[in-house]
Chemist: 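Below is a structure I'd like to ask you about.
So that the names make sense, note that chain A is the first sequence line, chain B the second, and so on, each numbered from 1.
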There are 2 protein chains.
Amino acid sequence: MSEADRAPAFRPLYRQVREALIQRLIDGAWTPGMMLPSEFQIAAELGVSQGTVRKALDAMAAEHLLVRRQGRGTFVALPEEGRILFQFFRLAADDGTRLFPESQVIERQREAAGAAAEMLQIEASAEVWRIGRIRRLGGRPVIAEEIVLPLARFASLAEFPDLPNNVYALYSEHFAITIGRAVERLKATAADEATAAQLGCPVGHPILSIERVAFALDGTPVEWRVSRCLTDGFHYQADLR
Amino acid sequence: MSEADRAPAFRPLYRQVREALIQRLIDGAWTPGMMLPSEFQIAAELGVSQGTVRKALDAMAAEHLLVRRQGRGTFVALPEEGRILFQFFRLAADDGTRLFPESQVIERQREAAGAAAEMLQIEASAEVWRIGRIRRLGGRPVIAEEIVLPLARFASLAEFPDLPNNVYALYSEHFAITIGRAVERLKATAADEATAAQLGCPVGHPILSIERVAFALDGTPVEWRVSRCLTDGFHYQADLR
DNA sequence: AAGTGGTCTAGACCACAAG
DNA sequence: TTGTGGTCTAGACCACTTT
């Protein structure tokens with residue numbers, strides 16, 4: 001953390017601290033659920049003041065990377081935790097209750113990336129997993145989902161025949177990949193024959209199509225997915241501030 | 001800012017400062033575009049330290065209520081400013097460029113609130129304005145929008161026969177209402193006859209339906225709207241963090 | 001040169017959780 | 001009682017903009 005570090009394009013100390021700490025998450029030195037050293041310990045270790053460490057930790061907590069609990073300590077966020085769980089899942093029933101449908105994998109294959117290559121920033125010839133799954137609420141299929149993952153980062157995925165509802169917990173636990181950010185594009189489309197068959201609705205039925213690219217902590221894209229959702233009885237919720 | 005203020009349910013000083021400053025925005029003592037006094041001046045006036053004022057100002061800037069510019073000062077945010085403008089408008093072309101379609105009012109009437117009463121937290125018998133407008137991109141209609149406003153807060157709306165593209169700038173300038181937050185519910189629906197006629201698409205065509213409730217700074221709902229959007233060539237974008 | 005926000009530090013004290 | 005994060009303060013200095 002030398003003075004020279006900020007010479008070329010001034011980067012505040014607390015920014016550098018934040019990046020150093022994020023690197024520990026990327027490296028796996030700090031794993032989900034782990035309690036971090038106290039602010040004073042981190043400060044002493046990095047040779048900065050406690051206030052500077054606090055500013056870095058606060059920023060990371062705002063990004064949902066850490067969870068701070070007064071009186072207890074600072075912890076690496078778990079993908080299982082409530083607010084994290086729904087951070088990336090914004091469907092809710094029309095009465096306001098949050099939903100988390102059950103998942104059933106119906107298809108999984110290795111293939112060339114093709115069209116997904118651009119989204120995942122890999123070669124079109126690179127291999128990917130393509131996973132199709134149906135998600136149900138009370139037995140009724142409501143989402144038909146297609147997930148594409150680069151084989152290079154998910155080599156041992158074959159060991160997991162049935163995906164859990166929350167795949168980001170799987171990514172974290174078994175592939176040491178933490179999703180830090182995602183971008184979604186929503187469109188209204190008409191159900192094609194395949195989707196209609198999967199969701200049990202008429203061909204041409206209105207479908208909310210959600211296309212998502214999810215990024216790892218280092219900023220590289222690691223997942224591309226399309227969710228085709230029925231939206232009677234529930235909706236996609238967005239809070240604008 | 002006495003010590004007793006925090007006695008019942010401890011509220012940090014910087015929170016109280018933030019609320020006091022937001023009250024100045026609500027009261028209109030500070031108006032959009034205005035430069036605020038310096039941190040030290042505000043601190044002296046409120047009898048707190050400069051650091052505490054800073055924390056309140058930073059929070060308000062994060063809420064897009066203020067804009068801070070190093071070396072220049074802190075300013076009340078203008079609804080016209082770029083990032084504010086698109087804070088509440090999330091449609092983008094598929095190539096990533098942001099869109100802001102032109103608006104044409106096609107209908108406006110006074111009526112009883114009816115179904116909108118619950119959303120706007122007013123009596124069902126209270127009067128509202130109901131405004132229908134079409135929004136176009138390059139002449140092509142892409143959004144059919146219905147906006148409901150409580151008459152009580154927008155009494156003189158009749159003076160503005162043609163709404164501007166950015167109605168939130170109008171609310172701010174002529175009704176002293178700043179929108180601080182909004183909640184949107186998205187669904188995929190099929191175009192009914194009225195919508196199909198307005199958008200020039202077949203009946204049954206997939207429509208992205210966006211229902212929004214917008215809230216003023218004091219937390220009360222002031223606008224209810226439904227936007228029915230075509231989504232070929234563009235999409236609704238959401239960033240998840 | 002003057003005035004603003006931005007960073008960094010150091011220390012005191014408060015609120016909360018756990019042993 | 002101890003240890004943690006949370007608040008508040010005071011002061012020095014840096015970066016940016018305008019005069």
Side-chain angles (χ1 to χ4, degrees), chain A residues 1-21 30 33-78 81 83, chain B residues 1-21 30 33-78 81 83:
Chain A
M1 211 60 55
S2 75
E3 207 61 18
D5 286 347
R6 72 162 88 157
F10 172 64
R11 276 209 341 286
L13 235 197
Y14 72 87
R15 264 265 168 200
Q16 300 175 43
V17 170
R18 172 181 164 278
E19 278 153 31
L21 300 187
W30 288 346
M34 180 181 288
M35 179 178 166
L36 269 56
S38 76
E39 297 179 345
F40 278 103
Q41 284 175 294
I42 297 174
E45 189 186 339
L46 297 180
V48 302
S49 81
Q50 173 262 357
T52 299
V53 170
R54 166 178 293 268
K55 200 159 178 181
L57 293 177
D58 283 346
M60 293 171 71
E63 298 173 84
H64 302 123
L65 300 179
L66 304 177
V67 177
R68 313 199 72 184
R69 283 194 266 248
Q70 188 175 82
R72 299 195 46 199
T74 301
F75 302 82
V76 181
L78 289 165
E81 284 169 359
R83 41 195 281 265
Chain B
M1 209 60 56
S2 75
E3 206 63 18
D5 288 346
R6 72 164 85 160
F10 173 64
R11 275 206 346 284
L13 236 197
Y14 72 87
R15 264 266 166 196
Q16 300 175 43
V17 170
R18 170 180 165 279
E19 278 154 31
L21 300 188
W30 288 346
M34 180 182 287
M35 179 177 166
L36 268 56
S38 76
E39 296 178 348
F40 278 104
Q41 284 175 293
I42 296 174
E45 189 186 339
L46 298 181
V48 302
S49 81
Q50 172 262 355
T52 299
V53 171
R54 164 178 295 270
K55 200 159 179 183
L57 293 177
D58 283 346
M60 292 171 71
E63 297 172 83
H64 301 124
L65 300 179
L66 304 177
V67 176
R68 313 199 71 183
R69 282 192 268 249
Q70 187 173 64
R72 298 196 47 201
T74 302
F75 302 82
V76 182
L78 289 165
E81 284 169 357
R83 40 194 282 264

Chemist: Sequence neighbours left out, what passes salt bridge (charged side-chain N to carboxylate O under 4.0 Å, His left out) with B/R54? Give chain and number order.
Modeler: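 Here the qualifying residues are B/E39.
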Chemist: What integer distance in Å separates A/L46:CG from C/dT7:P?
Modeler: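 Value for this atom pair: 18 Å.
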Chemist: Between A/Q16 (CD) and D/dC14 (P), how many Å, whole number?
Modeler: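 About 16 Å, once rounded to whole Å.
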Chemist: Working to the nearest 0.5 angstrom, can you tell me the gap between B/L57 CG and B/L65 CG?
Modeler: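 Between B/L57 CG and B/L65 CG, I get 11.0 Å after rounding to 0.5 Å.
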Chemist: How would you list, by chain and number, every residue that makes a salt bridge (charged side-chain N to carboxylate O under 4.0 Å, His left out) with B/E63, sequence neighbours excluded?
Modeler: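 If we apply the salt bridge (charged side-chain N to carboxylate O under 4.0 Å, His left out) test to B/E63, skipping adjacent residues, the hits are B/R18.
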Chemist: Using a cut-off of under 3.5 Å, enumerate the N/O to N/O pairs linking the protein to nucleotides 9-13 of chain D.
Modeler:
unit_1, atom_1, unit_2, atom_2, d
D/dT9, OP2, B/S49, N, 2.9
D/dT9, OP2, B/S49, OG, 2.8
D/dT9, OP2, B/T52, OG1, 2.4
D/dT9, O5', B/S49, OG, 3.4

Chemist: May I have the distance from A/L66 (atom CG) to D/dG6 (atom P), rounded to whole angstrom?
Modeler: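 The distance from CG of A/L66 to P of D/dG6 comes to 11 Å, rounded to the nearest Å.
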Chemist: Taking only residues two or more places apart in sequence, or in another chain, which ones meet B/Q41 in a side-chain contact (heavy atoms from CB on, under 4.5 Å)?
Modeler: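 Testing B/Q41 for side-chain contact (heavy atoms from CB on, under 4.5 Å), a comparison that skips the adjacent residues, returns B/P37, B/S38.
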Chemist: Would you tabulate the nitrogen or oxygen pairs shorter than 3.5 Å linking the protein to nucleotides 2-5 of chain D?
Modeler:
unit_1, atom_1, unit_2, atom_2, d
D/dG3, N2, A/G71, O, 2.8
D/dT4, O2, A/G71, N, 3.2
D/dG5, OP1, A/T74, OG1, 3.2
D/dG5, OP2, A/E39, N, 3.2

Chemist: B/R15: which residues meet the salt bridge (charged side-chain N to carboxylate O under 4.0 Å, His left out) condition with it, sequence neighbours left out?
Modeler: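 Per chain and number, B/R15 pairs via salt bridge (charged side-chain N to carboxylate O under 4.0 Å, His left out) with B/E19.
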Chemist: Verify side chain to side chain contact (heavy atoms under 4.5 Å, CB included) between B/Y14 and B/V48, making sure each step is shown before the conclusion.
Modeler: CA-CA 9 Å; B/Y14 72 87; B/V48 302; over 6 Å; no
Chemist: Quick one: list whatever passes side chain to side chain donor-acceptor pair (under 3.5 Å) with A/Q70, sequence neighbours left out.
Modeler: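 Once residues adjacent in sequence are excluded, A/Q70 has no partner under the side chain to side chain donor-acceptor pair (under 3.5 Å) criterion.
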Chemist: For A/R72, enumerate each residue passing the side-chain contact (heavy atoms from CB on, under 4.5 Å) test, keeping only those at least two apart in sequence or located in another chain.
Modeler: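 For A/R72, the residues satisfying side-chain contact (heavy atoms from CB on, under 4.5 Å) (neighbours in sequence not counted) are A/R69, A/F75.
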Chemist: So does A/K55 get a side-chain nitrogen or oxygen closer than 4.0 Å to the phosphate oxygens (OP1/OP2) of C/dC8?
Modeler: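 The answer is no; no side-chain N or O of A/K55 sits under 4.0 Å from OP1 or OP2.
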Chemist: For A/Y14 and C/dC8, is the shortest distance between a side-chain N/O and OP1 or OP2 below 4.0 Å?
Modeler: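 No, because none of the side-chain N or O atoms of A/Y14 sits under 4.0 Å from OP1 or OP2 of C/dC8.
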Chemist: In whole Å, I'd like the distance from the CZ atom of B/F75 to the C1' atom of D/dT18.
Modeler: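 These atoms are roughly 11 Å apart.
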